[in-house]
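Below is one structure, written out as structure tokens, with a few remarks after it.
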Amino acid sequence: MENILEQYKSVSNTDVKTWFKVGVISDFPENSGACIKYKTKQIAVFNFTRTGKWYASQNLCPHKMEMVISLGMIGNKEDVPKVACPLHKKNFSLEDGSNLAGEDYKIAVYPVKIENENVYIGFND
Amino acid sequence: MKKIIIVGNGMVGYKFCEKFVAQEHSKNFEITVFGEEPRPAYDRVHLSEFFENQDAKALEMAPAEWYKENGVTLVVGERVSDIDRNNKTIATSKDRGFSYDYLVLATGSSAFVPPIKGVEKEGVFVYRTIEDLEDMLAYAAKIKAKKPNARGAILGGGLLGLEAGKAVMDMGLEPHIVEFASKLMPRQLDSRSSQVLQLKLESIGLNIHLSKATNQILGNGAITGMEFGEDDALDVDMLVISAGIRPRDELGKTSGLEMGARGGIVVDNRMRTSDKNIFAIGEVALYNQMIYGLVAPGYDMATIAVNQILGEDSMMAENIDMSTKLKLIGVDVASFGEPFMPASKGHSVIFENKTQHLYKRINVSLDGKKLLGGILIGDATDYNMLHQVYLNEMAIPEDAAQLILPASDGGSSFGSVLDLPDTAQVCSCESLSKGEICCSITEDGCNNLSEVISKTKATTGCGGCKPMVVDLVNETLKSLGKEVKDTVCEHFNYNRQELYDLVKINKVADYDEALNLFGDGHGCEICKPVFASIFATITMETANRQPGIQDTNDRFLANIQRNGTYSVVPRVPGGEITPQQLIVLGEVAKKYNLYTKITGGQRIDLFGAQVHELPLIWKDLIDAGFESGHAYGKSLRTVKSCVGSTWCRYGMHESVTFAIDIEKRYRGLRSPHKFKGGVSGCIRECAEARGKDFGLIAVEGGWNLYVCGNGGATPKHAVLFAEQLDDDTAIKYLDRFLMYYIRTAGPLVRTAPWLDKLEGGIDYLRQVVIEDSLGIAEDLENEMKGLIGKYECEWKQAIESPEILKRFKHFVNSDDTDENIEFVPMRGQKMPKPW
Ligand SMILES: Cc1cc2nc3c(=O)[nH]c(=O)nc-3n(C[C@H](O)[C@H](O)[C@H](O)COP(=O)(O)OP(=O)(O)OC[C@H]3O[C@@H](n4cnc5c(N)ncnc54)[C@H](O)[C@@H]3O)c2cc1C
Ligand code: SF4
Ligand code: FES
């Protein structure tokens with residue numbers, strides 16, 4: 001079980017080696033999340049239509065190791081964009097993946113790039 | 001680098017690590033902690049919560065990664081077996097050796113098992129670790145399968161024993177508490193309060209046996225009973241021993257540290273043992289010739305040991321506060337200070353009301369100026385305040401009785417919590433004073449309870465201080481002129497009823513517009529579903545119109561389960577189903593390999609569907625004439641019925657027909673929370689209608705209508721609302737009642753707690769619904785009719801719309817399915833693979 005978690009490590013914009021195309025904007029529901037597959041990884045992609053921003057994170061909730069984060073509801077806590085896991089409503093920052101209640105769970109986050117209606121996610125492998 | 005080894009990763013051992021790494025100089029130390037249990041430290045104080053959810057992770061003090069991130073080496077599942085004080089090394093059960101500069105013994109205690117003949121028998125347990133609880137649950141399930149009315153006994157009627165008694169009861173066993181002394185909680189209660197407590201416990205179903213010395217456990221291999229005297233025995237199928245604790249002081253003994261006569265490793269007020277490099281903290285440490293079976297003193301000890309090692313001097317207080325409050329749900333018991341006291345030291349004021357299971361006693365100094373201690377049974381709301389008055393030696397009213405007498409004006413006899421001195425310790429687990437908590441608001445800018453909690457960690461220990469922290473936060477905010485309001489969340493400064501009115505009056509089109517008009521920011525998982533419910537109850541829109549604001553269940557029109565699969569529940573109105581429909585359900589379940597189970601609401605639940613299968617399954621079901629059962633929504637679930645006069649020889653009216661009519665009437669209706677109904681054909685009440693939000697029971701001359709009941713965690717019987725109604729009047733009242741509830745209840749408030757909070761209670765509700773005191777009855781009825789007329793099956797909508805169907809796919813960029821979903825076989829069906 002541990003190793004499915006191991007493969008998710010946050011990637012920052014400067015570390016990106018591959019911009020992987022995951023679809024076009026209209027493939028992604030407005031103001032919510034959806035899941036994409038990259039090699040063995042499941043990545044949750046969030047389309048914040050209200051702010052025009054996009055975020056991506058691991059789809060795996062570190063609490064119970066379920067592939068569910070993309071199904072969670074999104075929004076903000078103060079200035080931080082966030083997602084709430086649908087199973088127990090643990091809140092994660094989509095900026096840095098930290099748990100917003102200060103618990104030790106955290107999720108890996110990935111950069112998203114939009115070019116000509118195409119959606120790309122940045123990976124470092 | 002100096003090396004510290006901590007032996008024992010329990011609550012106190014963990015707290016030592018937490019406090020240590022928070023210190024600046026901790027970087028100069030290498031810390032290793034050994035725990036014998038297979039998992040990192042967990043919250044033993046809340047161990048009983050494990051029965052509710054069997055979620056061991058939720059109890060963790062910190063996950064394993066925490067230790068890594070903070071440079072602490074954690075070794076679990078390995079016992080420290082020996083200490084060599086001369087060479088400053090330890091050895092472990094895996095024959096490994098380690099050296100130390102400082103050794104901290106935090107080995108805690110184990111349950112004391114008295115030497116009674118037969119205690120080794122199968123079915124005898126102690127109550128200390130998660131493994132103990134797992135074993136108990138497994139055993140209880142096993143015996144219950146053989147014997148539905150199996151009994152579970154607890155040996156010991158102390159604080160822990162009573163908690164165990166409740167746990168045994170919740171496991172579905174008939175609970176018996178066996179106590180050696182002539183009263184319950186002998187260490188904390190006087191005999192009168194113990195009698196009142198006994199009455200109260202018996203009234204909720206616990207059987208109490210006092211003055212019983214158990215001399216033998218009976219049974220051949222497994223326990224079948226307990227023997228007290230020659231002809232005095234009790235048949236039991238399981239036993240939990242809760243007869244006190246014994247310090248785990250083996251290491252102290254074998255390494256020759258100074259020990260107490262009855263065990264425990266002797267420490268001074270700096271937590272030093274007789275070896276200057278070895279400290280002992282928590283339940284293994286004997287301080288002032290006492291072992292303190294509570295976490296708070298253990299945490300203080302941890303802080304002191306941390307300071308000692310880092311070269312800072314601090315000392316343990318001389319007197320340790322042993323005040324306690326029982327965590328038993330539904331029974332208030334608390335004692336503080338000196339609960340019983342010789343008449344030479346002071347006077348007691350006692351208030352007793354056996355009919356209400358109430359007992360309050362306070363002990364006051366001879367000069368009448370100070371509170372020395374007390375006992376509260378049945379109502380411990382004033383515990384925190386009295387406890388503070390005691391701890392801080394605050395002045396008390398001239399007539400001390402005012403402290404415990406029910407205040408005639410309903411107000412409290414205390415001033416505001418803000419009157420407490422700043423030094424008053426409010427959260428003893430985290431050692432937080434009133435001043436520190438208020439400061440987090442006045443100085444550090446916290447704006448609400450959750451901010452205060454994440455800033456200060458208050459309430460995160462035993463949780464007992466929560467009511468007081470809530471009061472402090474609210475009062476402090478008020479004193480700063482900040483309004484305290486039960487708003488929905490940070491995005492809307494309104495409560496649900498206000499938002500309902502705003503949406504309706506302004507004809508708001510959707511959630512986004514609501515945010516723009518009355519909100520702030522971009523919403524969250526709290527306000528979005530509230531609006532989803534509000535829109536649905538104003539326009540009857542289905543969950544398909546604004547999928548982004550629906551809870552995950554509503555968005556996928558199915559209930560998400562443990563492993564990320566979903567369950568499917570078609571509507572079976574009134575629980576009436578044709579053989580052909582049963583065959584269809586069976587066929588569909590077979591086709592998609594679903595686990596099937598009959599629900600409590602008389603329908604059939606199909607589990608284990610993956611998201612892409614949902615539309616396929618529903619296509620088959622809808623083709624066969626089924627429709628959504630809305631089991632995923634905060635909406636009408638089922639109207640349960642008995643066969644009534646159609647078949648039953650006792651039946652007075654046609655309960656099935658009426659249940660079907662009602663279920664069809666309110667199907668799909670969204671509300672603040674889920675709601676359920678029941679219809680019984682006579683007062684024998686086979687449909688359990690009084691356990692529902694609304695219930696109808698057939699009587700001579702019509703239906704009796706009951707409202708605001710529920711099952712679940714806090715069961716409540718519905719109360720009689722009106723009698724002998726004909727069908728039309730019953731429906732009319734129901735329409736009005738439900739619509740009034742939908743308009744006015746807070747988010748996720750079911751009818752019972754809604755009624756509890758409704759000023760004027762059931763009488764007021766009758767005035768509104770029956771006598772139309774607000775003049776809104778017609779409105780309510782018309783509104784309900786409008787909603788009913790607009791009903792549509794949302795699953796039908798879904799399978800007919802290619803746009804909606806796009807939602808039911810695991811990956812956007814691939815047709816693959818989630819390969820992490822795994823099932824294992826179980827009793828001829830399947831279940832999610834356990835971790
Ligand atoms: C059901 C229950 C309810 C309770 N409710 C309350 C309450 O409401 N309020 C309250 O204040 N207190 C309560 N307590 C008591 C509280 O849990 C204890 O005071 C607290 O856990 C003591 O902490 P500790 O670290 O000293 O001991 P423990 O939590 O027992 O931890 C000691 C750990 O050390 C390990 N260990 C022992 N020897 C070795 C060794 N040689 N090598 C390696 N590891 C070793 C043990 O396996 C254990 O994990 C309750 C206890 C129980 C069981
Ligand atoms: S409630 Fe009355 S009518 Fe209904 S099944 Fe039971 S006995 Fe028969
Ligand atoms: S599984 Fe995500 S919060 Fe529990």
Side-chain angles (χ1 to χ4, degrees), chain A residues 1-2 4-5 20-24 26-38 40 42-43 45 47-51 53 59-68 70-79 81-89 91 100-106 119, chain B residues 53 55 57-58 60 62-67 69-70 450-451 453-455 457 460 489-491 511-512 515-516 520-529 546-553 555-556 560-565 611 806-807 809-816 818-821 832 835:
Chain A
M1 224 55 268
E2 296 298 297
I4 69 168
L5 188 58
F20 178 68
K21 183 179 163 199
V22 296
V24 295
S26 61
D27 291 338
F28 292 87
E30 296 193 349
N31 287 314
S32 31
C35 180
I36 65 98
K37 188 170 184 167
Y38 172 70
T40 57
Q42 293 198 17
I43 303 294
V45 182
N47 173 4
F48 279 62
T49 328
R50 276 183 70 83
T51 52
K53 296 225 167 95
N59 191 33
L60 182 72
C61 179
H63 176 216
K64 291 285 161 159
M65 302 289 176
E66 303 292 1
M67 288 294 182
V68 290
S70 62
L71 311 176
M73 307 188 78
I74 59 171
N76 68 297
K77 180 178 177 184
E78 284 148 25
D79 295 334
K82 66 162 193 179
V83 57
C85 172
L87 293 185
H88 309 92
K89 304 269 145 75
N91 276 225
L100 290 174
E103 292 175 305
D104 279 293
Y105 303 108
K106 60 167 183 266
V119 182
Chain B
N53 46 24
D55 185 353
K57 259 200 126 67
E60 270 177 6
E65 300 90 67
W66 178 89
Y67 297 84
E69 283 159 17
N70 288 284
S450 62
E451 288 177 17
I453 292 176
S454 48
K455 173 103 201 155
K457 288 196 142 198
T460 57
C489 66
E490 70 173 81
H491 303 104
Y511 175 75
D512 253 8
L515 253 182
N516 297 340
D520 233 345
H522 310 296
C524 68
E525 76 282 5
I526 300 171
C527 57
K528 286 180 176 180
Q546 303 186 62
I549 62 168
Q550 306 294 333
D551 248 322
T552 310
N553 278 353
R555 184 162 149 214
F556 294 96
I560 190 165
Q561 301 293 344
R562 216 180 79 192
N563 62 345
T565 61
V611 68
K806 271 172 64 181
R807 215 183 293 156
K809 207 175 157 207
H810 189 74
F811 294 114
V812 168
N813 64 339
S814 153
D815 286 328
D816 291 354
D818 183 2
E819 67 212 14
N820 288 289
I821 295 179
W835 291 125

Drop me the distance from [X]'s [atom1] to [Y]'s [atom2], to the nearest 0.5 angstrom.
X        : Y        : atom1 : atom2 : answer
A/Thr49  : B/Asp512 : OG1   : CG    : 8.0 Å
B/Lys806 : A/Phe28  : NZ    : CZ    : 10.0 Å
B/Arg807 : A/Leu71  : CZ    : CG    : 12.0 Å
A/Ile36  : B/His810 : CD1   : NE2   : 10.5 Å

How about [X] and [Y]: do any of their side-chain heavy atoms sit closer than 4.5 Å?
X        : Y        : answer
A/Glu66  : B/Ile821 : no
B/Asn820 : A/Gln42  : yes
B/Val812 : A/Val119 : no

**Request:** Without swapping roles, check the side chain of A/Asp27 against the backbone of B/Asn813 for a donor-acceptor pair under 3.5 Å.
**Result:**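 It does not hold such a pair.
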
**Test: B/Asp551 and A/Lys89 ion pair at under 4.0 Å** =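 Here B/Asp551 pairs with A/Lys89 in a salt bridge, since their nearest N and O are under 4.0 Å apart.
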
**Asked** Are B/Glu525 and A/Lys82 within salt-bridge range, i.e. N to O under 4.0 Å?
**Response** yes

**Other residues, nucleotides, ligands: >12 heavy atoms within 6.0 Å of B/Glu69 CD** =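 Yes, the 6.0 Å shell around CD holds more than 12 heavy atoms from other groups.
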
**Message:** Are more than 12 heavy atoms, taken from residues, nucleotides or ligands other than A/Lys106, located less than 6.0 Å from that residue's NZ atom?
**Reply:** no

**Request:** Side chain from CB out, backbone as N, CA, C, O: work out which of these in A/Ser70 comes under 4.5 Å of a heavy atom of chain B, or both, or neither.
**Result:**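 Answer is backbone: N, CA, C or O of A/Ser70 sit under 4.5 Å from chain B.
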
Please list, one pair per line, the donor and acceptor atoms closer than 3.5 Å that link side chains of residues 72-79 of chain A to other protein atoms, with sequence neighbours excluded.
| unit_1 | atom_1 | unit_2 | atom_2 | d |
| --- | --- | --- | --- | --- |
| A/Asn76 | OD1 | B/His491 | NE2 | 2.8 |
| A/Asn76 | OD1 | B/His522 | N | 2.7 |
| A/Asn76 | OD1 | B/Gly523 | N | 3.4 |
| A/Asn76 | ND2 | A/Glu78 | O | 2.6 |
| A/Lys77 | NZ | A/Leu100 | O | 3.4 |

**Item:** Per-residue contact mode, B/Gln546 against chain A (heavy atom under 4.5 angstrom)
**Value:**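 Contact with chain A is absent: no heavy atom of B/Gln546 under 4.5 Å.
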
**Item:** B/Phe556 versus chain A, the contacting section by heavy-atom distance below 4.5 Å
**Value:**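 When you check distances to chain A, only side chain atoms of B/Phe556 fall under 4.5 Å.
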
**Asked** Out of B/Ile549, B/Asn563, B/Ile560, B/Ile453, which one racks up the most heavy-atom pairs below 4.5 Å with chain A?
**Response** B/Asn563

**Item:** Most contacts with chain A, counted as non-hydrogen pairs under 4.5 angstrom, among B/Ser814, B/Gly564, B/Pro63
**Value:**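 Top count of heavy-atom pairs under 4.5 Å with chain A: B/Pro63.
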
**Asked** Any idea which of A/Gly23, A/Cys35, A/Ser32, A/Pro29 has the most non-hydrogen atom pairs under 4.5 angstrom with chain B?
**Response**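 Option with the greatest count: A/Cys35.
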
